[in-house]
**Q** 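Can you read through this structure? Questions will come right after.
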Amino acid sequence: MKSDSTSRLRWLLKQAWQFARFAVVGAINTGIDFGITNALVLLLQPSSGLALFLISVVACGVATLNSYIMNRRWTFSDAFGPADRAEKIKFAVVAGLSMAINTTTFLFLVRFLPRYLPEELPAWLGIPGFILVVNLAKFGGVLGAFVLSFLGFRFGVFKTEAVHTFRDTFAFPAAPDRGGAGQALAAMGLAAVLRLLLIVPGAPLSGDAVAFATAARDAAAGGLAAAGPAGLNLFAAWQALLLAAGADRITAAVAASLIPGVLLLLPVVWITRSLYGASAAWLAALFVAAHPRLMEYSVNGDSFSFYLGVFAAGVWALVRLARGGGLAAGASVGAAFGLAAAVHNGGFAAFIVALPLAVGLARPVRGVLLRLGGASGRPWPARLAVGAAAAAAFAAVVIGWVLAAPAAPGAGGLLHTTAAPVQEFAERLDLAGAARAIYGEAATAARSVAPDRGSGWTALAARIPQNLLYCLERTPGLLLTPVPLFLFLLPVFTGRWSMFRPDKLPLVFMMVLPVVTDALLRVDIRNLLTAVVPVQVFGAAGLVAFAAYAARESRLPGLLAAAAAVILAVSLGLAGWRAVELERQYENHHRVARWLATHVPRDASVSGCAYGYIEITGFYSGHATVPRLWTERPADLQADADRRGIRWLVLYEPFLRAANPALLPALDAGVPGFRRAFVATDRRGLRAVVFERVP
């Protein structure tokens, strides 16, 4: 017992001393990074995200070179083997990942940190506001990359003989045959509780949720043929069933995304359990159930929760194929991605990739597939049969949906929802410009889709660099938790190609496809959340492997539970913070909606700022809404109201600040021809003002 205690103490002291040396090197690298960043910012005065990106890359690159020299010669001097070419390649990989975390966190904080800094702080500190934000953002980037750098260098690059030995002998324990159903039910129960807690302050419906709810209302009243194309997809039809069952409009909107958000845990548990065992499945379930963004999209009435659920079911079917599934698994692949395509056109792109993947993964080991040639050593007839089953199921679902919903087919030959892949989605990049183009005097909705197919694809290619930058800025806000750190450790402890074995490829497909199709083509950041699920699965497996290594070396068996508890605490803390943020964002919507419900006739239309602002308020109050004219002249609002016969107008300060700042004075000075009827002010001091037309 005494020798065990002594060995544990020695191991812990050794790790602490090595970490201290790494921290010293990190401090030097941080000084280099900060110095170059500030020098270039002061010299170049960057005004764009691209310039900040390049500055961060240069600063990180110089710091990385110093990092290799000092860590190789001092921090990890006990590394196993000489500094060969393979080690340098591994260092480049870890350094590249660290640089990516540093830079994306830096860009994310530069973009969003000013929202939360007190306006008087720069003057109080005597530092220009932009320089203060740049340095705080750079500190966040360095901090985010520090942990990954240490783990990657310690275990992946300058690894000891113990790491080599562990990797050669470690294997994930197989899950027992029984217990999977109970594990899945427990995971879904936890997910349901956490998501219901998130909506206690109120239902945080998104702007798109209103469009889906409106289509669902029309479909529930007159069938799918009565619903217009705006917001019409399979998710809206599913929500119409909830309305037909007696749910009110808000409950139906929330439940429509909540139920698939909870059911998502079913494929997550079964995929992880079959690939990495029961322990990893518990961790993956915890991470997915408590992920702040997945929780939010499970209760905001958006169709993405439904899309993600059926996408995960398709990946589950692919895993089954790789592990010996038959024609039923192939048909399940097609049916799942057919359902995804009926919700979002990303399902088409997913199936285009999933179909050859299903053919390649099929293993004719039993039943019909074995009789089709697997026993004779000719597997391709069986694999083509799987592909045919998948294609037939996909076609049956999509064609069935198109026949059931006459308004479903849209531009681009696909379905109405995000129909054309050449759509600009300019609002993702320039909200003011997009609002002017869509709601200004000369606006036409058709301008958001390039009329010429060739020029549209040319414009798409020209936007790729800006699209990538946009996604880099927002990626940290999607991943949020420390789980991705353990994803990077998974190949360290299980082999560099362990994630690319046949039965793991479906998860890699789920992780990579959204980055390619959505980041490059559509720039709709929420679709990147599809990649969050496989990150949690791989991260859970990496944590199990890391904890097994640490327990073997330190004889501290509680490391897995401790790490899981820390990650869960961070996730729930971020989810709680996000719930408070959502409640603050929706505070004025609820106040204005209550006022409208008691002071404005239900058959009156209300006009207001677009992009979900007036739509959300009107949905809560039960009024029809009309997006107001985008203009820089308050007097134009009077003429627009007279032309449309609108009596009530709502201006929202957050929208005006972001997309129409010239109208901000109207909040105090008023709008010609209107009187101020009601003012709602949230805890951030931001206002929503209701104006009534004066006869």
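All heavy atoms count here, side chains included; hydrogens, waters and symmetry mates do not.
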**Q** Determine whether the aromatic ring centres of residues Y652 and H589 are separated by less than 6.0 angstrom.
**A** yes
**Q** For R594, what residues pass the salt bridge (Lys or Arg N to Asp or Glu O under 4.0 Å) criterion, not counting sequence neighbours?
**A** none
**Q** Take atom CZ in F678; do more than 12 heavy atoms of anything else shown fall under 6.0 Å from it?
**A**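 Yes, enclosed.
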**Q** Who pairs with A564 by side-chain contact (heavy atoms from CB on, under 4.5 Å), at least two apart in sequence or on another chain?
**A** L283
**Q** Determine whether Q239 and F212 satisfy the following criterion, side chain to side chain contact (heavy atoms under 4.5 Å, CB included), listing intermediate values before the conclusion.
**A** CA-CA 8 Å; Q239 191 175 151; F212 297 131; 4.2 Å; yes
**Q** Please tell me if the side chains of V650 and R628 come closer than 4.5 Å, counting only heavy atoms from C-beta onward.
**A**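 V650 vs R628: side chains apart.
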**Q** Using atom types as modelled and distance alone, determine if a side-chain donor or acceptor of R249 lies under 3.5 Å from a backbone N or O of Y620.
**A**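 Such a contact is found between R249 side chain and Y620 backbone.
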**Q** Could you check whether any side-chain heavy atom of H344 comes within less than 4.5 Å of a side-chain heavy atom of N233, counting everything from C-beta outward?
**A** no
**Q** Is the side chain of R693 donor-acceptor paired with the backbone N or O of G673 at a distance under 3.5 Å, no angle test?
**A**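 Judged by distance alone, yes, a pair lies under 3.5 Å.
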**Q** Quick check: do Y297 and L308 have side-chain heavy atoms less than 4.5 Å from each other?
**A** no
**Q** Measure the shortest side-chain to side-chain distance between Y613 and T617 over non-hydrogen atoms and say whether it is less than 4.5 angstrom.
**A**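 The answer is no, as the side chains (C-beta and beyond) never meet within the 4.5 Å cut-off.
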**Q** With a 3.5 Å distance limit and no angle check, can you tell me whether H291 reaches the backbone of Q536 through a side-chain donor-acceptor pair?
**A** no
**Q** Could you go through the side chain to side chain contact (heavy atoms under 4.5 Å, CB included) check for D208 and S303 one step at a time?
**A** CA-CA 8 Å; D208 287 343; S303 65; over 6 Å; no
**Q** Does NZ or CZ of R676 lie under 6.0 Å from the centre of the six-membered ring of F691, at an angle within 45° of the ring axis?
**A** no
**Q** Name the one of R591, R584, H590 that satisfies side-chain hydrogen bond (donor to acceptor under 3.5 Å, both in side chains) with E587?
**A** R591
**Q** Please name the residue in the list V537, V268, L543, V532 that meets the side-chain contact (heavy atoms from CB on, under 4.5 Å) test with F287.
**A**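 Only match with F287 under side-chain contact (heavy atoms from CB on, under 4.5 Å): L543.
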**Q** Where the side chain of W238 meets the backbone of A256, is there a donor-acceptor pair that is under 3.5 Å apart?
**A** yes
**Q** List the steps and the verdict of side chain to side chain contact (heavy atoms under 4.5 Å, CB included) for T104 and F108.
**A** CA-CA 6 Å; T104 55; F108 173 77; over 6 Å; no
**Q** Taking S305 for the side chain and G261 for the main chain, is one N or O donor matched with an acceptor at less than 3.5 Å?
**A** yes
**Q** Does W630 reach the main-chain N or O of A659 with its side chain, forming a donor-acceptor pair under 3.5 Å?
**A**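 Yes, the answer is positive, given that a donor and an acceptor are paired below the 3.5 Å cut-off.
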